[in-house]
Amino acid sequence: MEPLSWIEIITRVLLQFTPVWLSLVILFVLSITYKRKLGLYGKLFDSTIGMIGFALVMFWVFTGIFGSFGMIVTHDALAQVSGMKNELPGAPLPNPDEGQYPYYLFGGDNLARDVFSRMVKGAWIVVQIAPLATLFAFMVGITLGLPAGYYGGRLDTFLSFLANLILAFPVILLFYLLVTPEIVETGIPSYMATVLFVFPLVFVGVLLNSRYKTQPNIRAPLLIGVLGIMGWLYLSLISEIGSKVAVLPGFLDLFDIPSGILVVFVSVVFVNSPTVFRIVRGLAMDIKTRDYVAAAQTRGEGPWYIMLWEILPNARGPLIVDFCLRIGYTTILLGTLGFFGLGLSPESPDWGTTINDGRRLLQIYLHPAIVPALSLLSMVLGLNLLADGLREESLRD
Amino acid sequence: MGLFILRRVGVMILTGLCLTFLVFTLTNLYPNLEKLAKTQGNFRMSDEEVTSFLERGGYLQPMVVKYGEWLGVLPSYRHENADGSIQGRCILPGQAPEEAPEFCGVLQGYWGFSTVFKDEVGSIVATRLGLTGKLMFWVMVLMVPSALILGVLSGMNEGSKTDRTLSTVAITTTATPEYVSGVILIAVFASSAVGLKWFKGTATSAMEDANFENFFLPVLTISLYGMGYIARMTRASMAEVMTAQYIRTARLKGVSFPNIVVKHALRNALIAPFTVIMLQFPWLLNGVVIVETLFNYKGFGWTLVQAASNNDIELLLGVSVVSVFVVLVTQLISDIGYVYLNPRISVS
């Protein structure tokens, strides 16, 4: 068979993404139709930049999700097909089996794996980890930043000192110190996970408790239910048989995170949370002087109610914008970890690792490194544009 | 002002001590030491042999004591071997124990010995830092002026077409981490697949003899990522200044637009970017590690990677101390500079 021409490659790639295009069209039609009823999210569709960013981000989100169900991908991301080593984009398989996709759309890498499928699978890793890690970092930052800004004083000095301590570390040095096998062996990342992952529980617990303090008949069952489920999830997340933290017996353990992923996750959360802490602290210091906070204090509301139900909702604008930017930053950090071969397994299809694999032969073969590099670039660019659009629209109020 | 600086320096020293202790603890955990023993001795050491090796080196003392010795505030550990000879950290090979100094730590200028490069840590760090200094200097030369020009041009007419275009450029460069832009730049300008071959894809030869051909790509790669951020800060600050009353007055007075920008707006608009540029140093350090690995330029960042991946404890400690020091000093300078440049802020 002849190799595909560039036009054929593009057509085939576009066809391969059909489910993503369909979802994007449906999402955009629905959102634009009902944009007046959707609050800030709807306002996003008034700004062109925001829409472009949102489309880029959702493209990768849908690609990741569909890719994880085995759609879009043309080959197994780990399978090696002999004779396809470093083949150029559009190269045909030498002797394809029945039902096997007959081309490597974006060529093969130096282990004869399909670059296109690895790109799609890499999207799934980013889409899974980056938003979740950012969310955890926000939980930690908010839970510590609100009291630091609201109370001030010694607590503030102490917490700010800790945050500055972590911020003064060059990120890569921190990664090298936390993600090496020797450190993982001592269990430090597991202990850090144990501490860091408590914060969502604390956050939700305090949030609900302060809201329903005056209605004991709702508060007790709600807290028991929510914290029970979250506690179980928390314990199954941190405990792993054979690691240093094995608190749950195996039959109660809902899921196991591969320890490499857990370490990466913990270090990314750890690096991000001090910055979030500083932002939240600054916002809290600013907002606590407003009249509605004074009104709540006069009403006799507790400090946590004021922090979580008066200050936090009013700080949401900058926080949402920063959330988008931070997901992009987390994506970059994940790529950095992959680039230095830290944490993730060497054959993992995530973008950082594939860029690192591909760069060795960059002088001769471009495609194995360029494809994941452009993917990462477009995803982070989308997030930055989205944040920009959101900022513009939220300032307009 | 003096008191302010004094307090900041105090906090800085405290932070530095905490951070070095943290790094010291993380690099001196038992698995690391075990690996060190096995790479220094042999890989088939039994557990007892490992313990006795570590015992002789004084590695099994409490962490705080070891940290004190490394810092040079506690007398260094000495071990009497079975044959009566004495070995210790301060006693160099071939030196009599009586002549060796009692304290040898960072404060005395002794940084330890690198197991990978077989050389004194102090001299390795100094040479590598010099190479990285060269890289950083050219990065600054390229990055700061272009970022400021980009920011001023887009900020002086907010919302105009120039602004839109330049802002998009700035956003794109902030969205491109070094390992992406580096790969793309090498692919376009240095690979034989595209065939432009304007520049070299490695910077190894730039260590002795840096020229445009072998040094421009690494410099550009680091600059791009930081440039977008500084440009956006400058743009925001410029746009804010341009709405101020005194600019309107100048306009009504009939001052020409270029004159307004250069003589009236620029000085006030550059206060915020100054802090940002100083705070970019820690980020540049990250960029340096990535770019030096990517372009095989054997500077400070490359040494960090080598030390960390080869479990070279003392070299890693030295590298960490230097990088933490750089970060803290730039923070201090940025704080002082901000107060100095902005007369509205008083410290007392």
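Letters A, B, ... mirror the listed sequences (proteins, then strands); counts begin at 1.
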Is the CZ atom of B:Arg164 crowded by more than 12 outside heavy atoms at less than 6.0 Å?
no
Please look at B:Leu328 and chain A and tell me whether the side chain, the backbone, both or neither of the residue comes under 4.5 angstrom of a heavy atom of that chain.
side chain
Report all side-chain donor-acceptor pairs from residues 194-205 of chain B shorter than 3.5 Å, counting only partners two or more places apart or in another chain.
| unit_1 | atom_1 | unit_2 | atom_2 | d |
| --- | --- | --- | --- | --- |
| B:Thr204 | OG1 | B:Asn296 | O | 3.0 |
| B:Ser205 | OG | B:Asn214 | ND2 | 3.0 |

Determine whether more than 12 heavy atoms belonging to other residues, nucleotides or ligands lie under 6.0 Å from atom CZ of A:Phe161.
yes
Compute the ring centroids of B:Trp70 and B:Phe24, then answer whether they are less than 6.0 Å apart.
yes
Which atoms of B:Phe189 come close to chain A, meaning under 4.5 Å heavy atom to heavy atom: side chain ones, backbone ones, both, or neither?
neither
Considering only heavy atoms, give the residues of residues 323-335 of chain A separated from chain B by less than 4.5 Å, sorted numerically, with 'none' for an empty result.
A:Tyr329, A:Thr331, A:Ile332, A:Gly335
Starting at CE of B:Met12, measure out to CG of B:Leu19 and round the result to the nearest 0.5 Å.
11.0 Å
A:Ile355, A:Asn384, A:Ile364: which one forms the most heavy-atom pairs within less than 4.5 Å of chain B?
A:Asn384
Among residues 166-175 of chain A, those lying within the under-4.5 Å heavy-atom range of chain B are A:Ala168, A:Phe169, A:Pro170, A:Val171, A:Ile172, A:Leu173
Which residue, A:Asp357, A:Asn356, A:Thr354, forms the side-chain contact (heavy atoms from CB on, under 4.5 Å) with A:Phe339?
A:Asn356
Please give me the minimum heavy-atom distance between B:Ser320 and B:Val23, naming the atom from each residue.
OG-CG1, 3.4 Å
side-chain hydrogen bond (donor to acceptor under 3.5 Å, both in side chains), that's the test. Do B:Arg232 and B:Ser167 meet it? Break it down for me.
CA-CA 7 Å; B:Arg232 295 186 75 185; B:Ser167 294; over 6 Å; no
B:Ile313 to B:Thr27 - nearest heavy-atom pair and separation
CD1-O, 3.5 Å
With a 4.5 Å heavy-atom cut-off (strictly below), which parts of residues 374-382 of chain A touch chain B? List them by number.
A:Leu374, A:Leu376, A:Leu377, A:Val380, A:Leu381
Other residues, nucleotides, ligands: >12 heavy atoms within 6.0 Å of B:Glu240 CD:
no
Which answer fits B:Thr293, side chain, backbone, both or neither, if we ask what part of it has an atom under 4.5 Å from a heavy atom of chain A?
both
So what's closer than 4.5 Å to chain A heavy atoms on B:Leu294: side chain, backbone, both or neither?
both
Where on B:Ile171 is there a heavy atom nearer than 4.5 Å to chain A: the side chain, the backbone, both, or neither?
both
Tell me, side chain or backbone of B:Leu285 under 4.5 Å from chain A's heavy atoms, or both, or neither?
side chain
Which region of B:Leu29, side chain (C-beta onward) or backbone (N, CA, C, O), has a non-hydrogen atom less than 4.5 Å from a non-hydrogen atom of chain A, or is it both or neither?
side chain
Given a strict heavy-atom distance threshold of 4.5 Å, which part of A:Leu342 is in contact with chain B: side chain, backbone, both, or neither?
neither
Answer with side chain, backbone, both or neither: which region of B:Thr330 has an atom nearer than 4.5 Å to a non-hydrogen atom of chain A?
neither
